[in-house]
Amino acid sequence: MCAALAPATNEELEQSAKSGCVQAIGQAIHEQELPAAGAVQGVDVYGDQARVLLEQDTVFLAHFSTGWKLTAAGCRPRPQRPYQCEIKGG
């Protein structure tokens with residue numbers, strides 16, 4: 001999963017957890033009780049950015065020269081406000 005993270009997201013995750021990516025992701029999943037994502041319900045692409053709606057989660061991606069990378073996960077919509085995401089880049 002670490003290879004799928006955007007650089008800023010990886011860095012933010014490691015800094016927040018004060019550990020390497022693999023341990024940080026395990027800690028984030030355990031402590032924040034991220035839901036099992038489920039099947040894809042929809043995808044919106046806006047240039048080099050994308051939002052993927054899943055059964056139990058919403059994730060955001062950005063396109064880099066190496067492909068699409070995860071910029072945020074564990075995201076919940078909030079009326080009239082930006083999504084609240086458990087894992088995100090700085």
Side-chain angles (χ1 to χ4, degrees):
M1 179 153 178
C2 293
L5 295 178
T9 305
N10 189 342
E11 183 178 326
E12 178 76 21
L13 183 64
E14 288 179 344
Q15 285 180 357
S16 294
K18 295 179 176 56
S19 66
C21 182
V22 173
Q23 291 176 336
I25 286 179
Q27 182 179 351
I29 290 170
H30 177 70
E31 288 181 3
Q32 297 166 4
E33 299 180 12
L34 295 175
V40 173
Q41 301 296 303
V43 176
D44 299 311
V45 178
Y46 307 96
D48 286 341
Q49 306 291 317
R51 175 182 69 162
V52 180
L53 302 170
L54 303 159
E55 288 177 326
Q56 303 296 320
D57 196 0
T58 298
V59 298
F60 292 90
L61 303 129
H63 191 258
F64 292 85
S65 61
T66 56
W68 289 95
K69 301 285 185 174
L70 187 74
T71 57
C75 301
R76 293 179 302 282
R78 300 182 299 173
Q80 307 300 318
R81 296 174 48 198
Y83 278 77
Q84 176 67 43
C85 300
E86 299 298 329
I87 295 175
K88 59 189 177 292

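All values reported here derive from a predicted model rather than from experimental measurement. Any value given below was found using the heavy atoms of this structure, including those in side chains, with hydrogens, waters and symmetry copies removed.
- Contact record, C2 with I25: SG-CD1, 3.7 Å, taken as the closest heavy-atom pair.
- The two atoms that bring Q27 and S19 nearest to each other are OE1-OG, 4.3 Å, heavy atoms only.
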L70/I87 under side-chain contact (heavy atoms from CB on, under 4.5 Å): CA gap, chis, key distance, verdict: CA-CA 10 Å; L70 187 74; I87 295 175; 5.6 Å; no
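- In terms of heavy-atom proximity, W68 sits nearest to G47 at CH2-O, 4.0 Å.
- Between C21 and N10, the shortest heavy-atom distance links the atoms CB-OD1, 3.6 Å.
- Between the side chain of D44 and the main chain of V52, no donor-acceptor pair closer than 3.5 Å is present.
- Note on L53: it does not cluster hydrophobically with V40, by side-chain heavy-atom contacts below 4.5 Å among ILVMFWY residues.
- Annotation for A24 and A17: closest pair CB-CB, 3.6 Å, computed over non-hydrogen atoms.
- We find the CD-NE2 distance between Q49 and H63 to be 11.0 Å, quoted to the nearest 0.5 Å.
- The ring-ring contact (aromatic ring centres under 6.0 Å, His included) check on Y83 picks up F60, with sequence neighbours excluded.
- A pairwise comparison of heavy atoms in Q84 and R78 identifies OE1-NH1, 3.3 Å as the closest pair.
- Remark: side-chain polar atoms of E55 are paired, donor with acceptor, to backbone N or O of A39 under 3.5 angstrom.
- The cluster map of Ile, Leu, Val, Met, Phe, Trp and Tyr, joined by side-chain heavy atoms under 4.5 Å apart, puts M1 and L13 in the same cluster.
- Although no hydrogens or angles enter the test, the distance criterion places no donor-acceptor pair under 3.5 Å between the side chain of D48 and the main chain of A62.
- Of the possible donor and acceptor atoms, none in the side chain of E14 sits under 3.5 Å from a partner among the backbone N and O of G20.
- No continuous path of ILVMFWY side-chain contacts below 4.5 Å connects V22 to L5, so the two sit in separate hydrophobic clusters.
- Between atom CD of residue Q41 and atom OG1 of residue T58 there is a gap of 10.0 Å, rounded to the nearest 0.5 Å.
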